[in-house]
Amino acid sequence: MAKITITLPDGSTKEFESGITGLQIAESISKGLAREALAVEVNGEVWDLSRGILSDASLKILKWDSDGGKYAYWHSSAHLMAEAIEALYPGTKFGIGPPIETGFYYDIDFGDHNLTPEDLAKIETKMYELAARDVPYIREEKKWEDAVAYFKKKGDPYKLELLEELKGQTITFYQQGNFTDLCYGPHIPSTGRIKAIKLLSVAGAYWRGSEKNKMLQRIYGVTFPSKKELDEYIFRLEEAKRRDHRKLGQELELFLLTPKVGGGLPLWLPKGTIVRETLENFLKEEQRKRGYLPVVTPHVGSINLYKTSGHYPYYKDSQFTPVKVEDEEYLLKPMNCPHHFQIYAAKPHSYRDLPIRLAEFGTVYRYEQSGELNGLIRVRSFTVDDSHMFMRQDQLKDELCKVIELIQLVFTTLGFQDFKTRLSFRDPKNKEKYGGEDALWIQAERDIKEAADFMKLNYYIGIGEAAFYGPKIDFMVRDAIGRTWQLGTVQVDYVMPERFNLEYIGSDGQKHRPVVIHRAPFGSMERFIGVLIEHFAGEFPLWLAPLQAVVLSITDEHISYAEQVTAELKSAGIRVELDDRNEKVNRKIRDWETKKVPFMLVVGDKEKANGTVAVRQHKKGDLGAMARDAFVKKALENIQQKALTV
RNA sequence: GCUGGCGUAGCUCAGCGGUAGAGCAGCGGUUUCGUAAACCGCAGGUCAUCGGUUCAAAUCCGAUCGCCAGCUCCA
């Protein structure tokens with residue numbers, strides 16, 4: 001038998017007989033490792049532990065703590081669920097059942113049967129039963145014809161459709177217990193590894209993700225190697241519910257969504273407006289420092305504007321129907337750029353004046369499908385903290401870097417530490433989706449990548465995610481339930497300056513075409529604040545809190561002193577209210593704690609006599625008495641620094 | 001838009017064929033109180049809307065509207 005050399009992650013090498021399996025290698029290292037091993041990475045590819053390794057390889061044993069291990073685990077769980085379903089509902093047809101970021105799903109055709117929560121409970125119970133058999137997942141290679149024959153006999157049209165695309169190739173099957181599936185794996189050694197199971201939800205999902213196909217029923221589930229980990233996961237789900245911005249928005253009276261106004265058309269309540277305006281003022285101030293010029297434009301515009309820009313043909317389906325006035329058609333503006341271009345184009349520009357940075361908090365209107373609407377995060381009317389920057393080609397990279405710097409400032413000020421960045425490029429296989437010449441796209445994508453590298457952004461590339469007029473850098477943040485959302489965006493545009501015939505006079509006296517950057521650090525005020533509410537769980541830092549402090553009088557005796565304290569804070573610029581209700585302090589404290597107000601200032605006999613306030617901090621409790629001016633000073637400093645904590 | 005689930009007082013929810021209920025919030029009183037809910041009383045609803053079944057519908061059936069989850073979409 002030939003010997004092979006295996007290189008382990010620490011760089012050490014070991015000799016084994018050719019054909020040795022990952023599991024055997026794990027056993028040779030330690031029993032504990034073999035017990036926890038789920039899969040093995042062989043030369044960067046994830047394999048089953050039971051698969052024989054035939055030649056020299058670098059190898060890593062994958063456990064639960066690795067993504068590859070988790071994926072194999074959840075993938076195997078999906079197969080286990082399918083087996084349970086087949087046992088309970090014979091004749092069901094299976095689509096696909098992959099692992100996802102957290103857990104797995106399987107798309108299944110149940111015929112006429114609609115799954116109920118009771119069905120899920122039944123399937124879950126069956127899964128526990130099947131897992132306990134502790135049977136192995138067995139990999140098997142088959143000839144294509146044999147694979148087709150198997151699913152023909154079984155009568156599964158979806159698997160046959162998948163096989164059509166693999167024609168002529170060697171097909172791998174995986175079998176555990178009474179269930180065999182078409183699958184390239186890898187899988188964990190046996191069902192017994194699956195200890196804790198939770199089926200989460202059922203939802204419709206189109207076969208192969210196309211609206212034209214039949215809708216299957218998708219069951220989402222998640223499994224863990226221990227009950228404890230499942231409990232922790234469920235706790236996180238509940239925590240996410242607690243942070244839901246729609247719930248907090250109502251409780252804290254930040255915004256209102258009512259069908260009386262219309263879906264996706266939020267009303268900003270006084271408290272929410274304070275948060276929003278505070279954020280706007282913050283950005284306006286930073287932009288003022290950086291030479292942006294504020295402008296204001298109307299909410300509608302002639303449809304010709306959008307025909308020129310190219311939005312109209314590309315995005316007809318997601319705009320509100322045009323309104324007709326005196327035989328002319330107007331559009332509720334889906335974006336601000338065409339308006340800003342008119343401002344630039346209204347007079348000639350010298351190369352010396354560039355870059356010109358026009359900025360506006362511009363409200364735009366987009367017709368989103370009703371099923372897409374989601375609190376503040378997906379709406380039909382939203383305000384973009386927009387800017388369009390007109391510049392020479394030689395200024396582009398520097399401007400891109402400055403914009404990235406501003407966005408980083410905004411994100412870090414608001415405590416978003418682990419945002420992701422995506423370089424959104426076009427899909428070269430689908431060029432008709434995009435406007436503009438090839439050469440311009442290649443140039444623009446190179447510019448973006450250079451700027452991202454220079455600013456040391458930690459990014460990944462998203463093919464097919466570009467705007468129709470140019471590539472983007474998108475800043476992505478996770479919400480409370482783990483969904484990622486695009487917030488800030490920077491886009492390079494060579495296309496629209498062409499369409500709008502924008503120009504400047506160069507040092508050579510000739511006309512030249514400027515480059516445009518579209519950028520929005522918040523992206524949309526609505527979405528940003530929606531995510532922000534969840535990020536802070538409604539507990540805003542002092543500078544953003546709609547109400548920063550409440551003065552609590554203990555009895556009627558103290559109201560006049562409390563009024564004096566309130567007036568002093570107010571004139572110092574602190575957002576403060578007086579609670580002089582005829583209630584016990586305990587009651588008042590409870591009420592304002594639930595409203596998440598950062599500070600409560602309790603005033604009674606002692607404070608009145610000493611001219612102090614008893615400071616109570618949200619969630620921290622009593623901080624003791626403090627001189628009035630000392631509190632004001634401390635609070636103002638914190639606000640001024642935009643501190644994330646008090 | 002599609003599939004499924006859900007619509008009862010301002011909010012959270014009970015009632016699930018036999019005359020609409022509770023707690024909180026609101027209003028009126030009593031109480032004047034030191035770090036997370038004082039007490040008494042009053043008021044508040046075409047049970048989403050429309051239609052059907054029934055002697056009788058919040059409750060059963062259908063349609064419409066809205067909300068939620070997922071899918072599709074996302075400038």
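Quick note on labels: first sequence line is chain A, next is B, and so on, each numbered from 1. None of the values given here were measured: they were computed from a predicted structure.
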In whole angstrom, what separates [X]'s [atom1] from [N]'s [atom2]?
X         : N       : atom1 : atom2 : value
Ile219(A) : rC71(B) : CD1   : P     : 15 Å
Gln617(A) : rU35(B) : CD    : C1'   : 14 Å
Tyr206(A) : rC71(B) : OH    : C1'   : 6 Å
Leu216(A) : rC2(B)  : CG    : P     : 17 Å
Glu593(A) : rA36(B) : CD    : C1'   : 7 Å
Met215(A) : rC71(B) : CE    : C1'   : 5 Å
Tyr469(A) : rC74(B) : OH    : C1'   : 13 Å
Leu373(A) : rU72(B) : CG    : C1'   : 14 Å

[N] - base-pair partner by Watson-Crick or wobble geometry, distances under 3.5 Å:
N       : result
rU3(B)  : rA69(B)
rU32(B) : none
rC27(B) : rG41(B)
rA57(B) : none
rA9(B)  : none
rU19(B) : none
rU64(B) : rA48(B)

Is the side chain of Arg519(A) donor-acceptor paired with the backbone N or O of Asp385(A) at a distance under 3.5 Å, no angle test?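 Between the backbone of Asp385(A) and the side chain of Arg519(A) there is a qualifying donor-acceptor contact (under 3.5 Å).
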
Checking the side chain of Lys588(A) only, and the main-chain atoms of Asp579(A) only, is there a donor and an acceptor separated by less than 3.5 Å?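 Side chain of Lys588(A) to backbone of Asp579(A), a donor-acceptor pair under 3.5 Å: yes, one is there.
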
Out of [options], which has the shortest distance to the side chain of [X]?
X         : options                   : result
Ala203(A) : rC33(B), rU35(B), rG70(B) : rG70(B)
Lys584(A) : rC71(B), rG34(B), rA38(B) : rA38(B)
Arg246(A) : rC68(B), rU35(B), rA37(B) : rC68(B)
Asn374(A) : rA69(B), rG34(B), rA36(B) : rA69(B)

Counting the atoms with a prime plus P, OP1 and OP2 as sugar-phosphate, which does [X] contact under 4.0 Å by heavy atoms, base, sugar-phosphate, or nothing?
X         : result
Gly621(A) : nothing
Gln250(A) : sugar-phosphate
Lys588(A) : nothing
Tyr105(A) : nothing
Pro334(A) : base
Arg218(A) : sugar-phosphate
Val585(A) : sugar-phosphate

Between Gly262(A) and Glu465(A), which residue's closest nucleotide on RNA chain B lies nearer the 5′ terminus?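 It is Gly262(A) whose nearest nucleotide is closer to the 5' end.
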
Here's a test of your reading of the structure: between Ala467(A) and Lys606(A), which maps to the more 5' nucleotide of RNA chain B?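 Comparing both residues, the 5'-ward one is Lys606(A).
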
Going by atom types alone, do Lys333(A) and Thr363(A) pair a side-chain donor with an acceptor below 3.5 Å?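 No, no side-chain donor-acceptor pair sits under 3.5 Å.
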
Any luck finding a side-chain donor-acceptor pair between Asp107(A) and Tyr206(A) under 3.5 Å?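 Checked: Asp107(A)/Tyr206(A) side chains show no N/O donor-acceptor pair below 3.5 Å.
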
Is there a donor on the side chain of [X] or the base of [N] sitting less than 3.5 Å from an acceptor on the other?
X         : N       : result
Arg378(A) : rC74(B) : yes
Glu607(A) : rG34(B) : yes
Asp556(A) : rU32(B) : yes
Tyr367(A) : rG1(B)  : no
Glu372(A) : rU72(B) : yes

Which residue in the set His299(A), Arg380(A), Gln319(A) passes side-chain hydrogen bond (donor to acceptor under 3.5 Å, both in side chains) when paired with Tyr365(A)?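 When side-chain hydrogen bond (donor to acceptor under 3.5 Å, both in side chains) is applied between Tyr365(A) and each of His299(A), Arg380(A), Gln319(A), only His299(A) qualifies.
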
rG4(B) OP1/OP2 closer than 4.0 Å to side-chain N/O of Tyr220(A):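 Checking Tyr220(A) against rG4(B): no side-chain N or O falls below 4.0 Å of OP1 or OP2.
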
Indicate whether OP1 or OP2 belonging to rA36(B) is found under 4.0 Å from a side-chain N or O atom of Asn586(A).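 True: Asn586(A) side-chain N/O within range (under 4.0 Å) of rA36(B) OP1/OP2.
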
[atom1] spacing across the pair [N] / [M], given as an integer number of angstrom:
N       : M       : atom1 : value
rG26(B) : rG62(B) : P     : 42 Å
rC13(B) : rA48(B) : P     : 15 Å
rA36(B) : rC40(B) : P     : 23 Å
rU8(B)  : rC47(B) : C1'   : 4 Å
rG21(B) : rA58(B) : C1'   : 12 Å
rC61(B) : rC16(B) : P     : 15 Å
rC65(B) : rG10(B) : P     : 24 Å
rG4(B)  : rC74(B) : C1'   : 23 Å

Would you call [X] and [Y] a salt bridge, using N to O less than 4.0 angstrom?
X         : Y         : value
Arg587(A) : Asp591(A) : yes
Glu399(A) : Arg357(A) : yes
Arg242(A) : Glu239(A) : yes
Arg378(A) : Glu526(A) : no

Check: Phe540(A) and Ile533(A) side chains under 4.5 Å, non-hydrogen atoms: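 A side-chain contact exists here, since the closest heavy-atom pair is under 4.5 Å.
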
So do Cys337(A) and Met496(A) actually touch side chain to side chain, heavy atoms under 4.5 Å?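 They are in side-chain contact.
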
Protein and nucleotides 24-30 of chain B: nitrogen or oxygen contacts under 3.5 angstrom:
residue: rA25(B); atom: OP1; partner: Arg587(A); partner atom: NH2; Å: 2.1

